[in-house]
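See below for the structure under consideration.
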Amino acid sequence: MKKILSILLALTMVLALAACGGSSAPAATQAAAPAATEAAAPAATEAAAPAEDSKIVVGFAQVGHESDWRTANTKNYQDVFSAENGYDLVFVDCDNDNAVQIEAVRTSIQQGVDYIILAPIQSAGWESVLQEAKDAGIPVIVADRQVDADPSMYDAFLGTDTSVEGKLAGDWLAEYLNGAEANILVIEGSVGSSAAIGRTNGFNEVAAEHPEWTILDSQSGDFTQTGGQEVMESFIKSYNGKFNVVVCQNDNEAYGAMDAMDAAGITYGVDGDVIIISYDATHDGLKYTLEGKINCNVECNPIQAAYVEQIIQQMEAGEEFATYTLVEDQAFVAPGIESAYATTMTQEILDGRAY
């Protein structure tokens with residue numbers, strides 16, 4: 001965007017000189033900058049310019065609005081990259097559509113934004129568009145999820161280590177079961193996402209160390225409550241009475257799984273027949289953990305925008321910046337459970353959560 005404004009300024013000076021020489025050419029007009037889109041809007045197709053030239057224009061291609069976690073993550077970015085803080089945030093909710101997201105990034109490149117933030121829906125297939133951004137001289141910060149591309153193709157990564165999250169869940173389960181048999185059902189996240197891949201691989205790494213564990217089935221619930229319920233209903237038809245652990249790769253899937261088990265008369269949680277492990281540790285997820293309905297909830301912290309802003313400000317100042325930043329996570333367990341891997345949930349912790 002700064003490059004576009006420089007070109008426009010030069011054009012204005014040329015036209016002004018022509019006018020002094022008696023030319024009837026019209027005065028140059030400043031290009032309009034793109035206004036931020038609504039949360040569920042499709043990718044922008046027309047360039048527009050920031051309301052003020054001094055603002056830093058940031059294009060953000062967000063995954064979508066599939067979960068409570070994503071809603072909190074989006075709000076965090078909108079709060080940090082606000083006009084009051086000196087930014088023009090060109091936000092696109094890609095509604096979990098990989099093709100829409102690729103087009104959204106390409107549109108940001110065509111608009112000449114100053115920076116691009118990418119929270120990738122899928123990890124693969126980003127080489128071409130990342131090269132286009134590099135050729136245009138626009139820094140790209142990959143956030144939340146990772147991409148399967150050489151790190152030289154983008155400028156920085158900021159997010160959580162989902163394989164560590166998966167391993168943490170597995171370590172807690174091993175501690176909790178203490179050698180007892182486990183027949184496990186897994187409701188995975190969106191196919192192809194680094195979050196689903198990482199959590200699956202991390203958990204399976206621990207499971208491989210426990211011959212007394214059997215993973216009966218693993219299917220995608222697409223990180224949604226509806227998806228979690230549908231998968232759990234299918235599991236119940238196939239494995240009713242045969243499972244004692246359900247691993248949901250985010251809180252919304254866990255809510256759906258609980259709805260399905262409620263309808264089938266299956267008990268779960270601390271006082272039930274089925275152990276529930278969830279990920280994200282959103283407010284409602286931790287509320288269910290406090291109530292003993294979720295046994296263990298592994299955090300994935302959505303409050304990430306301040307880290308990204310720090311990177312951008314360091315780039316603006318020409319300073320060194322971190323090219324790989326991990327946001328710290330922790331795990332929480334229901335009251336009555338003692339663990340070396342997780343914190344026992346309390347009302348005080350729940351009241352202090354910002355998301």
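Side chains are part of it too, since the values below use all heavy atoms of this structure and drop only hydrogens, waters and symmetry mates.
- Under a 3.5 Å cut-off, the side chain of Asn73 and the backbone N or O of Pro302 do form a donor-acceptor pair.
- Between the side chain of Ser278 and the backbone N or O of Ala254 there is no donor-acceptor pair closer than 3.5 Å.
- Scanning all heavy atoms of the two residues, the minimum distance from Thr74 to Gln62 falls at OG1-NE2, 3.0 Å.
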Discussion item. If you apply the rule salt bridge (Lys or Arg N to Asp or Glu O under 4.0 Å), what do you find for Arg353 with Glu348, and how did you get there?
Written reply: CA-CA 9 Å; Arg353 303 295 279 184; Glu348 183 180 5; over 6 Å; no
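- A salt bridge does not link Asp114 with Lys55: none of the charged nitrogens is closer than 4.0 Å to a carboxylate oxygen.
- Leu290 is not connected to Tyr268 by any chain of hydrophobic side-chain contacts under 4.5 Å among Ile, Leu, Val, Met, Phe, Trp and Tyr, and they are in different clusters.
- Residues Glu233 and Lys237 are not paired through a salt bridge, judged by the lack of any N-O separation under 4.0 Å between the basic side chain and the carboxylate.
- The nearest pair of heavy atoms linking Ala119 to Phe60 is CB-CE1, 4.2 Å.
- The closest donor-acceptor contact from the side chain of Ser193 to the backbone of Ser190 lies under 3.5 Å.
- Of the possible polar contacts, one joining the Lys134 side chain to the Ser152 backbone as a donor-acceptor pair under 3.5 Å is found.
- With 3.5 Å as the limit, one finds no donor-acceptor pair spanning the side chains of Glu299 and Asn297.
- Proximity of Asp251 to Phe223: side-chain heavy atoms (C-beta onward) are nowhere separated by under 4.5 Å.
- Closest approach of Ile138 to Asp155, counting heavy atoms only: O-OD1, 4.4 Å.
- With a 4.5 Å cut-off on side-chain heavy atoms, Lys167 and Phe203 do not count as touching.
- With a 4.5 Å cut-off on side-chain heavy atoms, Ile56 and Glu316 count as touching.
- In this structure, Ile141 and Ile311 have side chains that are in contact, with non-hydrogen atoms separated by less than 4.5 Å.
- Ring pair Phe235/Tyr239 is perpendicular by interplanar angle, where above 60° counts as perpendicular and below 30° as parallel.
- Glu253 places a side-chain N or O within donor-acceptor distance of the main-chain N or O of Gln249, the cut-off being under 3.5 Å.
- If you check the side chains of Glu66 and Thr224, you find no donor sitting under 3.5 Å from an acceptor.
- One N or O on the side chain of Gln101 and one on the backbone of Ala61 form a donor-acceptor pair closer than 3.5 Å.
- Using modelled atom types, no side-chain atom of Asp144 and backbone atom of Val63 make a donor-acceptor pair closer than 3.5 Å.
- Nearest heavy atom pair, residue Leu130 against residue Met153, reads CB-O, 3.7 Å.
- In this structure, the side chain of Asn85 engages the main chain of Val80 through a donor-acceptor pair within 3.5 Å.
- The shortest side-chain heavy-atom distance between Asn301 and Tyr355 falls under the 4.5 Å cut-off.
- Two residues are said to be in side-chain contact when any heavy atoms from C-beta on lie closer than 4.5 Å; Glu132 and Arg106 meet this criterion.
- Ser339 contributes a side-chain N or O that, together with a main-chain N or O of Tyr341, makes up a donor-acceptor pair within less than 3.5 Å.
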Practice prompt. Would you sort out whether Arg199 and Glu165 count as a salt bridge (Lys or Arg N to Asp or Glu O under 4.0 Å), showing the intermediate values?
Written response: CA-CA 6 Å; Arg199 289 170 187 168; Glu165 293 169 3; 2.9 Å; yes
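- Nearest heavy-atom pair, Val298 versus Leu168, reported as atom, atom and distance to 0.1 Å: CG1-CD2, 3.9 Å.
- Proximity of Phe321 to Ile312: side-chain heavy atoms (C-beta onward) are nowhere separated by under 4.5 Å.
- Below 30°, between 30° and 60°, or above 60°: for Phe81 and Tyr87 the angle between ring planes is above 60°, a perpendicular geometry.
- In terms of modelled atom types and a separation under 3.5 Å, the side chain of Asp97 and the main chain of Val100 share a donor-acceptor contact.
- Other residues, nucleotides and ligands place more than 12 heavy atoms under 6.0 Å from the CD atom of Gln347.
- Between Thr344 and Ala334 the shortest heavy-atom distance is CG2-O, 4.1 Å.
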